[in-house]
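Before any comments, here is the structure.
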Amino acid sequence: MNFRFTEAQQEIIDPVRKFVDEEVWPRAREYDLRGEFPWPQWKRLAEMGYLGLPLPEEHGGRGTDHVTYIGVVEELGRGSAALALSYAIHIALVSETILRFGSEEQIGRYVPALARGEKMGAFALTEPGAGTDAAAQKTRALRDGDYYVLNGEKCFITGGALADVFIVTAVTDPSAGSRGISAFIVEKGLPGFEVGEAFNKMGLRASVTNRLYFKDCRVPAENLLGQEGQGFKMAMAALDGGRIGIAAQAVGIARAALDLALDYAKRRQQFGKPLASFQAIQWMLAEMAAAVEAARLLTYRAAAAADEGVRFSREAAMAKLVASDTAVAVTRKAVQILGGYGYMVEYDVERLYRDAKITEIYEGTSEVQKMVIAASLLR
Ligand code: COS
């Protein structure tokens, strides 16, 4: 067991740490207030060669392990939760899913372009009536010659208005339950595919979240991903990878809050001495630091399991459950330590608190993670 990054891993993570300190964090508040995705920073990540990090070199990636990739997500999460989210979705839910289940032709057509950042990916599973119960989705895909005709609506789609390549699930056989769901690669601009209005969210306001509408949208049959009826399983497998990314994002958010709280506690004077000299504050800081470290260990343990090539649903679920809970608890304590200032936009911890909350909800709520963990224990 090794609890440190290797030199090779560190060499890839360090430039992102620097990029986050110099460019991402200083502008995160501004992007949040404007409700705008940090496009220039996304483009910069593409130029730096990070948008295909764990993908094989032959497909435009850099062939790193998942521990390194997760190290990058954690750093991005520390600087901008919105950037970290799009990064993790682009890689784990889209590129890696096409790589794992796609035909050679699909891989060649999409993966290098995604890895180089020429295209952005999005993942469309959730519907207004199908969140946790993802198999209850209603979007239909009817085969018609060389096409599937899609009709329906997806919601809460991260990067809907920004992405070029979407993985969309739809029902091909309504009598078969989760085995009647298929997945398709759908490109932006296809007639009958419309990106709807953006949601107005509590946090993660620099991330763009949309509805998607499909109205007699003819998707070429060659864009079916894997086999008909495999869409649900592919989505679940994709989400195993996605959940480690969310755990890393949550760890990053929590670290940012801990750093701010530590700095403030050392500087802020009350009753003639620094806040950090009061035991009540010291205990809060100690609990925050221990929780962040525990969440980190579970997150990297899950990333290492992903590198082992075995199924890692349980490890990913445990990491996401604990890391998201930690992010909410640590950011809440950070706001408390900063007191009245913590409630003010200029001190950033209120944004971290708002951003942390969604990590307990998306890519499977905490309750879903417990279902996955319990199922693996009771199997
Ligand atoms: N990898 C591969 N296959 C998986 C899998 C995984 N991680 N998880 C489930 N499957 C397979 C099962 O093996 C089963 O296959 P068979 O039909 O061959 O038996 C099939 O998928 C159905 O599995 P299950 O019966 O467990 O599905 P449920 O409908 O009971 O769903 C939960 C279980 C709730 C865990 C699932 O629907 C889920 O994760 N929901 C949350 C969805 C989510 O995260 N949404 C967020 C969207 S992204 S923002």
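Counting starts at 1 for both ligands and their atoms, following the listed order.
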Next item on the list: Enumerate the atoms of ligand 1 whose separation from the nearest heavy atom of Leu239 is less than 4.0 angstrom.
Entry: 43 (C), 44 (O), 48 (S)
Item checked: Residue Ser178 vicinity, atoms of ligand 1 by number, heavy atom under 4.0 Å -> 22 (C)
Checklist line | Shortest protein heavy-atom distance from atom 23 (O) of ligand 1, along with the residue and atom involved | finding: Phe232 CE2, 3.9 Å
Note to self: Could you tell me, atom by atom, which parts of ligand 1 come under 4.0 Å of a heavy atom of Met371?
What the structure shows: 34 (C)
Item checked: Nearest non-hydrogen protein atom, atom 42 (C) of ligand 1 -> Gly131 O, 3.9 Å
Item checked: Protein contact of atom 15 (O) of ligand 1 - nearest heavy atom, named by residue and atom, plus distance -> Lys233 CE, 3.2 Å
Next item on the list: Note the single closest protein heavy atom to atom 47 (C) of ligand 1, along with its residue, its atom name and the distance in Å.
Entry: Thr126 OG1, 3.3 Å
Check: Are any of the N or O atoms of Asp240 closer than 3.5 Å to those of ligand 1?
Finding: yes
Next item on the list: Please check atom 12 (C) of ligand 1 for a protein heavy-atom neighbour under 4.0 Å.
Entry: no
Next item on the list: Before giving the answer on ring-ring contact (aromatic ring centres under 6.0 Å, His included), spell out for Tyr300 and Phe5 the whole-Å C-alpha distance, their side-chain angles and the decisive distance to 0.1 Å.
Entry: CA-CA 10 Å; Tyr300 286 94; Phe5 292 124; 5.4 Å; yes
Next item on the list: May I ask you to identify the nearest protein heavy atom to atom 19 (O) of ligand 1, giving residue, atom name and distance to one decimal place in Å?
Entry: Arg179 NH2, 3.3 Å
Check: Polar-atom distance check: Gly364 versus ligand 1, any N or O pair below 3.5 Å?
Finding: yes
Margin query: Using 30° and 60° as the class boundaries, would you call the ring planes of Tyr347 and Tyr264 parallel, tilted or perpendicular?
Written below: perpendicular
Notebook entry, point to check: CD1/Ile246 to CD/Gln369 distance, rounded to the nearest 0.5 angstrom?
Noted result: 10.0 Å
Item checked: Best match, Glu363, Lys320, Glu367, Met236: closest heavy atom to atom 38 (C) of ligand 1 -> Met236
Check: Closest non-hydrogen protein atom to atom 6 (C) of ligand 1, residue and atom name please, with distance?
Finding: Arg311 NH2, 3.2 Å
Checklist line | Ser313 neighbourhood, listing ligand 1 atoms whose heavy-atom distance to it stays under 4.0 Å | finding: 7 (N)
Note to self: Quick test: of every protein heavy atom, which one is nearest to atom 40 (N) of ligand 1, and how far off is it to 0.1 Å?
What the structure shows: Thr132 O, 2.9 Å
Notebook entry, point to check: Any heavy atom of Arg243 sitting closer than 4.0 Å to ligand 1?
Noted result: yes
Next item on the list: Working to the nearest 0.5 Å, report the span between CG of Asp14 and CD of Glu75.
Entry: 8.0 Å
Margin query: Using the rule given for ring-ring contact (aromatic ring centres under 6.0 Å, His included), can you reason through Tyr362 versus Phe156, listing the C-alpha separation, both sets of side-chain angles and the distance that settles it, and then say yes or no?
Written below: CA-CA 9 Å; Tyr362 59 22; Phe156 303 149; over 10 Å; no
Next item on the list: Look at the side chain of Glu315 and the backbone N and O of Ala305, then say whether any donor-acceptor pair between them is shorter than 3.5 Å.
Entry: no
